[in-house]
2 protein chains.
Amino acid sequence: MSANSRLTIAVHALAWMELNTRYGNEVATSEQIAGSVNTNPVVVRRLLTDLRRAGLVASRRGAGAGWTLARELAAITVLDVYEAVEPGILFATHRATPSQECPVGFGIRPVMQRVYDGAEQAVRDELIRTTMDDVLRDILAER
Amino acid sequence: MSANSRLTIAVHALAWMELNTRYGNEVATSEQIAGSVNTNPVVVRRLLTDLRRAGLVASRRGAGAGWTLARELAAITVLDVYEAVEPGILFATHRATPSQECPVGFGIRPVMQRVYDGAEQAVRDELIRTTMDDVLRDILAER
DNA sequence: TTTTGATGTAACCATAAAAGTTACGACTGC
DNA sequence: GCAGTCGTAACTTTTATGGTTACATCAAAA
């Protein structure tokens, strides 16, 4: 399917930010987060920009700049993160328009779109069940 | 997400094959199906090869060759097709191993894997509810 | 036995998304 | 004004998908 790791990294960043504040730090820098994720700071900044657009984090510029959580983790579900970083298209319909003379080619797109909408909704219903609070707790329980 | 159209084309092919038999034809050729899908016959053959591996279709070679359904549509769910043509990875974990010194980097992968397994299962539970029979009926109902 | 028409499959190219990287201007607390 | 970080553009690399060409293989039918 060519799945990406955007949701994984975004969740990682949020969990890391919360733990960072528990250690007494005000803000987190993209470089610190990138060090934990093991990627480039620009990749982190791009994802955090998406999260900021969704109101999940805030950023400060200038000296002593960095990122802060805009909500507590208990008020953020994995679905919130998913919606912030993914356009929400798990399955694609035909790349090129199928034959409109053929009954199958004519009718298949709306039918499959309904099937895919159902699958997408099922994913959302599942992701909304887990909060970022749950995620961090489970992470720390891994040892 | 970079979603693909493999499931769409595989479903399209199966529906077309059934309609083709209703019109009195024994077998369907990849060229005929490709004409309805509006793609290249090799793309169709590659997907039908996956469906054959799953026992959903059969092929004959030689003169008068082509493809036939190996089961009736009522006995094929969209989940069957999905499993035949997709490896089943909707979300990816980290591309590079996260920092194992960091508590978050250490614990996040099994936690997110469980979340993703749940989402994947939700998709399966949804796709199994629709049979290829339902799909063809709905396609023909589009006019 | 030859012809015919389709499968089976390799090889290659094109396209697009994701991720990684470099660079640098913008901003702000000190 | 300095230092440190964000914000973002630009470019490269990697990977999956899909499209295309080519051709060997096969089996029914002439």
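So you know, we letter chains A, B, ... as the sequences are listed, proteins then strands, and number each from 1. All values below were derived from every heavy atom in this structure, side-chain atoms included, with hydrogens, water molecules and symmetry-related copies excluded.
To the nearest angstrom, C1' of D:dG18 lies 16 Å from NE2 of B:His12. In this structure, the CG atom of B:Leu48 is 13 Å from the P atom of C:dT9, given to the nearest Å. One atom, CG of B:Asp50, and another, C1' of D:dG18, lie 14 Å apart when rounded to the nearest Å. Atom P of nucleotide D:dT20 and atom CD of B:Glu31 are separated by 13 Å, given to the nearest angstrom. Atom CG in A:Asn40 sits roughly 17 Å away from atom P in D:dC11 (whole-Å rounding). One atom, CG of A:Asn38, and another, C1' of C:dG20, lie 12 Å apart when rounded to the nearest Å. Atom CD1 in B:Ile33 sits roughly 12 Å away from atom P in C:dA6 (whole-Å rounding).
Between A:Ser30 and the phosphate of D:dC6, there is a side-chain N or O to OP1/OP2 separation shorter than 4.0 Å. Between D:dG18 and B:Ser5, a contact under 4.0 Å exists linking OP1 or OP2 to a side-chain N or O. Between B:Asn4 and the phosphate of D:dA16, there is no side-chain N or O to OP1/OP2 separation shorter than 4.0 Å. Residue B:Ser59 has no polar side-chain atom (N or O) positioned under 4.0 Å from OP1 or OP2 of C:dA6. Put simply, B:Ser2 has no side-chain N or O that comes within less than 4.0 Å of OP1 or OP2 on C:dA16.
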Can you give one letter per nucleotide of nucleotides 24-30 of chain C, 5' to 3': B if a protein heavy atom sits under 4.0 Å from the base, S if only from the sugar-phosphate, - if neither? -BBBBB-

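Between A:Val81 and A:Leu7, some side-chain heavy-atom pair lies under the 4.5 Å cut-off.
Among all heavy-atom pairs drawn from B:Pro98 and B:Gly105, the shortest one is CG-O, 3.4 Å.
Looking at B:Asp134, its side chain does come within 3.5 Å of a backbone N or O of B:Thr131 through a donor-acceptor pair. Side-chain N or O atoms of A:Tyr116 include none that pairs as donor or acceptor with a backbone N or O of A:Ile89 at under 3.5 Å.
Of the charged side-chain nitrogens involved, at least one lies within less than 4.0 Å of a carboxylate oxygen, so that B:Arg53 and B:Asp50 count as a salt-bridged pair. Ion pairing between A:Arg6 and A:Glu83 fails under the 4.0 Å rule for side-chain N and carboxylate O. Salt-bridge annotation for B:Arg137 and B:Glu18: absent, with no side-chain N of the basic residue lying under 4.0 Å from a carboxylate O of the acidic one.
Both B:Arg95 and A:Ala96 lie near DNA chain D, and the one whose nearest nucleotide falls closer to the 5' end is B:Arg95. Heavy-atom nearest nucleotides on DNA chain C were determined for A:Val43 and for B:Ala65, and the one closer to the 5' end corresponds to B:Ala65. Comparing B:Glu86 and B:Arg60 by the nucleotide of DNA chain D whose heavy atom lies nearest to each, the residue mapping closer to the 5' end is B:Glu86.
No hydrogens or angles were tested; on distance alone, nothing pairs the side chain of B:Arg52 with the base of C:dG8 as donor and acceptor under 3.5 Å.
Minimum atom distance to the side chain of B:Arg46 is reached by D:dG19, of the listed D:dG19, C:dT21, C:dT7. Listed nucleotides D:dA22, C:dT21, C:dA19 differ in distance to A:Arg6; the shortest reach to its side chain belongs to C:dA19.
For the ring pair (Phe, Tyr, Trp, His ring centres under 6.0 Å) test, residues two or more places apart in sequence or in another chain that qualify with B:Tyr82 are A:Phe91.
Residue contacts shown for A:Val42 include a base, since a base heavy atom lies under 4.0 Å away.
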